[in-house]
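Naming: A, B, ... by sequence-line order, numbering from 1 per chain. Below, each value reflects all heavy atoms present in this structure, side chains not excepted, and no hydrogens, waters or symmetry copies.
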Amino acid sequence: MIVSHEWLRGFVPHERTAAEVGEALSRHCVTLDGVEALRDDLAPFVVGLVVEAARHPDSDRLSVTKVDDGSGELLDVVCGAPNVTAGRKYPFARTGTTMPDGLLIAKRKIRGATSNGMLCSARELGLGQEHDGIYTLDTDAPPGTPLLDVLPVGDVRLDLDVLPNRPDLLSHLGVAREVSALLDVPLRMPPELPALPSADDVAASVSGATEATADGVTVQLVDTAACPRYIGVVIRGVQVGPSPEWLVERLRAVGARSINNVVDATNYVLHGLGQPVHAFDLDMLAGRRIVVRPTVEGESLVTLDGVERTIAAGTTVICDGERPTALAGVMGGEASEVHDATTNLLLEVAWFDPKFVRGVRRAVQLNTDASYRFERGVDAGFTGKAAGHAAALIAAVAGGRITAVIDVGTTPTNAVPVRLRASRVARLLGAPVSNAEIVRTLSSIGCTLVPDGDEAWHVTAPTWRRDLGLEVDLIEEVARLIGFDALPNDVQPFRPGTVPDHPLHVASRRVREECLAFGLAETRPMPFVATASDESLRVRNPLADDEPYLRESLLTTLASRAEYNLSRMQGNVRLFEIGSAFVPTGDRLPREEVRVAALIMGACRPPHFTEPEPPAFDAWDAKALAESLAGAAFPGAVVHCVPAEGEALWHVLLDASPRPVGTVREVALDRPVWASVAFGVELVLGVMPSADVAPAGAHVHEAGVARPNSPWAAVRFAPLPAFPAASFDVALLVPTDMPAERVDRVLRASAGELLESLSLFDEFRGDGVPAGFRSLAWRLTFRHPERTLRDKEIEGRRAGLLKALDRELGVRPRTS
Amino acid sequence: MTLDEFLLACQRLADDAPARIAVAASPSEFAEVRTQLVGRKQGRLADLMAQLAALPPEARRDAGRAVNEVKSRIEALLDEREALVAAAARGAAAQDLTMPARRRWRGSLHPVTLVIDEIAEIFRELGFTIALGPEAETEFYNFTSLNFPADHPAMELHDTLYLGDDTLLRTHTSPVQVRTLQQYAPPVRILAPGNVYRRDFFDATHAPSFMQLEGLAVDEGISFVDLKATLSEFARRFYGGTRRVRFGPSYFPFVEPGAQMDVEVDLGDGKGTRWVEILGCGMVHPNVLEAAGLDSERYTGWAFGMGPARIAMSRHGIPDIRILYDSDVRFLEQFAR
């Protein structure tokens with residue numbers, strides 16, 4: 001909402017600056033987005049003192065002057081004005097200044113004399129038509145002072161961010177009410193607005209519940225739900241023409257273009273008083289009738305903007321005796337538009353139902369100043385006065401006589417009082433507010449308070465504040481008018497909460513640490529993807545059609561991020577993300593799984609002079625990452641990566657569960673030749689519940705919140721060894737199709753309880769290894785807790801192991 | 001020069017010296033640094049000595065003491081370091097120990113995560129725990145339960161991405177308020193970080209999906225003073241104690257009174273400090289408490305919401321929000337530990 005400082009002063013004659021008013025509003029009423037002087041284009045101009053003025057040697061008209069512009073250096077300036085006088089001050093444009101008409105002032109030669117800037121006339125500054133000479137400034141300000149400091153010209157705009165709860169602030173009158181309350185200056189109607197027409201001024205005033213006629217004009221309401229009240233004012237004998245300068249100025253100040261005196265007057269009432277008004281050319285209305293009725297299938301209307309619009313059946317439209325002539329609350333029709341030859345008017349001053357106007361506006365996709373206000377709520381108590389002001393203003397600026405006021409229907413008003421308790425004010429705000437202060441603040445914004453005992457009131461809000469329907473609404477008014485900053489700021493004692501950290505947050509934090517330790521960079525890409533399966537979840541109304549689906553896997557987005565990096569010649573990509581994947585279920589909502597995913601490719605370590613080309617990450621790095629992430633996510637669980645078939649390399653299993661919690665895979669990428677293979681890990685940390693009613697939690701605040709056990713709580717101390725270990729290696733010929741894990745199990749089972757560790761440390765194929773076999777070597781370490789193991793014992797175990805391997809698997813040691 | 005200015009110059013010299021000394025790797029570099037710092041004829045200490053004479057007589061005693069103190073501190077540092085440098089020079093003949101260390105890849109957190117962590121840490125000190133909720137939501141939790149009037153212009157404050165007739169991608173983290181209050185009895189003090197979605201074009205200042213941070217405190221006797229005091233305390237701890245904070249009116253359907261908190265910050269653009277809106281807040285609307293099944297006469301509460309991405313951008317001078325999503329490793333590694 002753009003508010004003109006001068007227009008506002010018409011309603012509230014205060015002496016504060018626009019900045020001060022803006023500050024007061026932003027502290028107590030509405031967010032101020034900016035304060036803009038309309039003549040900001042004059043900001044670079046300064047006061048220039050002409051120190052010397054002499055005739056130009058080669059010209060009768062020109063003078064050569066020396067100008068002091070406060071820079072400490074006298075400038076040579078050529079001037080063509082007859083009135084330039086030494087010792088006087090004038091508006092001065094330094095070189096580099098852009099004139100209001102767009103001309104850039106540069107240093108130039110005029111008939112051989114150099115000119116470093118320009119002394120300006122009123123017309124050159126856009127301050128009037130005066131061009132007989134330069135503009136003489138009557139000021140004590142020293143040279144170099146900004147011109148705007150000594151010449152208060154032009155209005156100032158306040159840009160207010162009016163939110164949907166305060167439609168009353170969508171007019172100067174509405175903002176003026178607040179300013180009046182904040183500055184304690186009485187509100188009045190601006191002097192430029194003519195007095196309301198008296199009964200004598202109006203030839204005929206009629207009213208009716210659904211229909212009335214006067215001066216040969218009929219207004220009929222068929223749909224009173226959409227349009228509860230419609231006032232038609234007939235004005236005859238107007239002369240359409242240009243508006244007076246003051247009216248043009250008012251509209252220009254809020255960024256509206258002057259059209260003609262009639263339309264401008266209606267716009268004055270819209271921006272000034274908040275009531276949208278439409279003027280029809282009465283002679284263009286068939287049958288001199290206005291009928292507000294439901295639409296008939298297939299009707300259409302050419303609106304003022306020249307667009308033919310089909311009107312959906314089932315809504316309501318404003319018609320003349322024959323056809324639609326206006327989109328109710330949104331825009332008038334072209335056929336009945338006021339034009340130069342119009343002499344008789346019908347003014348429409350109506351109150352439309354907000355939801356109805358919203359429906360029409362959405363149906364025709366046309367947002368206007370009128371629809372914006374009707375949708376949010378126009379003051380239902382002001383319709384009659386607005387009609388009077390509009391008619392009187394038109395008569396004043398365009399001539400004509402008000403011959404009839406046809407007032408049909410009634411406007412709903414919100415006269416239901418709300419009970420306000422002083423105790424509730426104190427309780428909600430945390431500080432007591434005196435009864436006098438409560439009464440003062442609420443009265444200042446137009447509320448009526450009737451005491452109910454000593455500590456409560458019945459408060460009736462004014463008609464323009466339909467938002468004040470609850471006690472808390474009134475408490476907000478008291479608080480903001482006192483000022484939030486006036487309330488105390490001391491931290492109060494509090495009780496600890498009952499809500500434990502969300503388990504998915506706890507798991508995410510642990511997984512995150514693991515990713516950081518591995519050297520991964522966290523990323524937060526957008527969860528939208530371009531392609532998906534038929535079942536994938538699609539956003540119904542995406543802004544761009546290129547990525548309308550919600551991802552089912554985090555690796556999909558990580559892959560596209562890896563490609564982004566590859567296209568920027570970055571081949572070392574180590575990314576991780578913790579975020580949601582949306583798995584379609586056929587239900588209303590998808591199953592939202594919180595997952596961790598990581599993608600690794602490129603050098604597994606930074607290059608060093610000892611290792612200029614470190615090896616690239618491979619599947620074994622990915623497997624290790626999967627194991628450590630799963631270990632961090634599911635503390636205490638036995639993590640097991642089992643080889644997978646198909647696209648994945650491994651499935652990640654927990655304990656004995658057959659359902660994988662994740663996978664390790666090679667990630668298919670659009671990959672240049674220099675880039676290495678990418679590997680990905682993705683694990684499901686848990687499902688985010690999204691039921692229609694949140695499940696009840698444990699209400700345990702009496703006993704304090706029990707935190708989940710630390711992942712390390714189950715660790716038992718193992719006594720540190722006091723005796724040396726003994727170890728040996730076995731190299732075995734294992735058939736290529738026999739999993740190493742099977743051999744591992746047999747080794748572990750037959751090694752006995754003294755086995756401390758078992759590790760597979762070599763795989764070999766080639767010389768000495770028969771075809772269809774590979775050589776696998778394990779190192780076994782044994783230790784007795786209470787004594788040193790003897791060589792014989794070790795030998796015995798080795799023999800036993802080899803026997804067991806031969807017996808159970810047919811596996812024998814490699815001999816060569 | 002006044003005494004204060006002189007003392008400040010001494011302090012500055014003392015502050016600068018260790019870094020200058022640390023970079024000198026060879027005996028010749030070391031000698032140069034020694035001259036620059038405490039050389040008898042030229043050098044910064046010599047400059048200070050020269051200015052000592054210009055001070056008013058009554059200031060000279062304090063000034064002299066300060067300058068001598070700085071001198072002995074720097075000389076002690078120099079002596080200590082010189083021994084190390086000399087040893088390094090001797091050892092280098094056998095093995096060049098100035099060659100770089102063998103490093104490993106370092107992990108990094110996203111700058112938005114860093115901001116969330118820091119904020120969460122502060123609120124944890126003030127008794128808040130972390131709550132989460134789904135991103136794919138119902139209209140009930142996202143709008144209806146939060147007192148958004150049906151078919152009202154307030155809905156247009158949120159351009160919504162719909163999944164179905166009454167399902168959507170949440171437009172704010174506020175649905176977590178009602179979900180948590182349904183699940184747990186007051187006192188509730190939670191912080192809910194999460195992704196939210198708006199139907200916005202992806203440009204330099206907007207993204208259709210971004211992080212939000214929600215806070216909620218509900219109990220008997222919670223008041224607007226609690227809101228102000230807690231959020232002011234947060235601002236003090238986050239921005240530093242000297243930053244001014246103010247509260248002005250605002251509107252969100254699910255709070256009343258509704259407010260916004262502005263902090264006077266320096267965005268580092270050379271334009272000095274200015275008021276910047278940091279968060280929206282207010283007292284939980286009674287209709288929201290009732291929708292969550294609480295008696296709004298007995299319980300009151302306050303809530304706030306903020307955008308950590310915007311804070312991350314202004315804190316790190318990131319000019320375009322898209323950089324936060326691109327995942328360029330050269331960007332992410334700037335935040336490596």
Side-chain angles (χ1 to χ4, degrees), chain A residues 26-27 29 163-165 355 375-376 428-431 472 476 479-480 484-485 487-492 494-499 501-502 504-505 515-516 519-526 539-541 543 561 564-565 570 573 575 580 582 588-590 592 605-606 608 688 690 694 696-697 699, chain B residues 99 102-110 112-113 127 129-132 134-136 138 151 153-154 161-164 167 179-180 182-185 187-190 199 201 209 219 223-226 228-229 232-233 246-251 256-257 259 283 286 300 325-329 332-333:
Chain A
S26 82
R27 297 295 74 227
C29 177
L163 295 169
N165 62 326
K355 284 191 173 36
E375 257 186 67
R376 282 159 178 76
L428 197 66
L429 298 186
V472 69
E476 175 176 62
R480 73 169 177 92
F484 295 147
D485 287 333
L487 292 167
N489 223 7
D490 310 313
V491 179
Q492 309 291 310
F494 59 84
R495 299 199 288 172
T498 58
V499 187
D501 277 339
H502 198 286
L504 283 171
H505 171 74
C515 291
L516 291 178
L520 307 182
E522 189 195 19
T523 177
R524 292 180 164 277
M526 211 80 75
V539 173
R540 276 201 179 174
N541 56 339
L543 254 191
R561 293 302 92 204
Y564 178 95
N565 278 289
Q570 300 300 311
V573 182
L575 300 174
S580 290
F582 302 86
R588 214 150 60 104
L589 286 170
E592 194 172 321
R605 290 183 287 276
H608 185 248
M688 186 66 80
S690 61
H699 300 155
Chain B
M99 286 172 82
R102 182 183 291 129
R103 301 210 163 86
R104 54 180 184 77
W105 294 129
R106 294 180 305 157
S108 60
L109 287 177
H110 193 275
V112 172
T113 305
T129 52
I130 307 288
L132 302 174
E135 295 173 19
T138 62
D151 198 20
L161 290 168
Y162 279 91
L163 299 174
T167 53
R179 284 190 177 275
T180 306
Q182 281 183 336
Q183 203 174 356
Y184 295 94
V188 161
R189 288 172 84 81
I190 54 149
R199 193 165 180 267
F201 280 110
S209 156
D219 198 0
S223 72
F224 198 88
V225 167
D226 291 307
K228 271 191 71 185
S232 302
E233 182 61 24
R246 68 179 191 187
F247 290 81
S250 191
Y251 167 69
E256 181 137 29
M283 299 302 292
T300 48
Y325 299 83
D326 286 343
S327 316
D328 192 313
V329 295
L332 298 173
E333 282 165 8

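Here the straight-line distance linking atom CG of Leu589(A) with atom CG of Leu163(B) works out to 7.5 Å at 0.5 Å rounding. Atom NE2 in His502(A) sits 11.5 Å away from atom CD1 in Ile130(B) (nearest 0.5 Å). We find the NE2-CZ distance between His608(A) and Arg102(B) to be 5.5 Å, quoted to the nearest 0.5 Å. Separation of atoms CG (Asp326(B)) and CE (Met526(A)) is listed at 9.0 Å; rounding is to 0.5 Å. For the atom pair CG (Asn541(A)) and CZ (Arg199(B)), the distance works out to 5.0 Å, reported to the nearest 0.5 Å. Here Gln570(A) contributes atom CD and Leu332(B) contributes atom CG; the two are 11.0 Å apart, rounded to the nearest 0.5 Å.
Residues Pro249(B) and Cys29(A) share a closest heavy-atom pair of CG-N, 3.2 Å. For Thr167(B) against Arg588(A), the heavy-atom pair with the smallest separation is CG2-CG, 3.6 Å. Considering all non-hydrogen atoms of both residues, His110(B) and Arg524(A) come closest at ND1-CD, 3.6 Å. Here the shortest heavy-atom pairing between Ser327(B) and Arg561(A) reads OG-CD, 3.2 Å. Considering all non-hydrogen atoms of both residues, Phe494(A) and Gly127(B) come closest at CE1-CA, 4.0 Å.
The choice from Thr138(B), Val112(B), Ile190(B), Leu109(B) that makes the most heavy-atom pairs within less than 4.5 Å of chain A is Leu109(B). Ranked by non-hydrogen atom pairs under 4.5 Å with chain B, the options Ala479(A), Ala431(A), Ser580(A) are led by Ser580(A). Here Glu135(B) is the residue among Glu135(B), Glu333(B), Glu233(B), Met283(B) with the most heavy-atom pairs under 4.5 Å with chain A. Most heavy-atom pairs under 4.5 Å with chain B: of the set Arg376(A), Arg480(A), His505(A), this distinction falls to His505(A). The candidate from Leu429(A), Leu487(A), Val539(A) with the greatest count of non-hydrogen atom pairs under 4.5 Å with chain B is Leu429(A).
In this structure, Asn565(A) and Asp328(B) have side chains that are in contact, with non-hydrogen atoms separated by less than 4.5 Å. Proximity of Leu428(A) to Pro257(B): side-chain heavy atoms (C-beta onward) are separated by under 4.5 Å at one or more points.
For chain A, the nearby part of Thr300(B) is the side chain; its heavy atoms alone come within less than 4.5 Å. If you measure heavy-atom distances from Pro525(A) to chain B, the contacts under 4.5 Å come from both the backbone and the side chain. In this structure, the portion of Ser232(B) lying under 4.5 Å from any heavy atom of chain A is its side chain and not its backbone.
Residues meeting the side chain to side chain contact (heavy atoms under 4.5 Å, CB included) test with Asp490(A), sequence neighbours left out: Pro488(A), Gln492(A). For Arg104(B), the side-chain hydrogen bond (donor to acceptor under 3.5 Å, both in side chains) criterion is met by no residue, not counting sequence neighbours.
With respect to Thr498(A), the side-chain contact (heavy atoms from CB on, under 4.5 Å) criterion is satisfied by exactly one of Thr129(B), Thr180(B), Val188(B): Val188(B).
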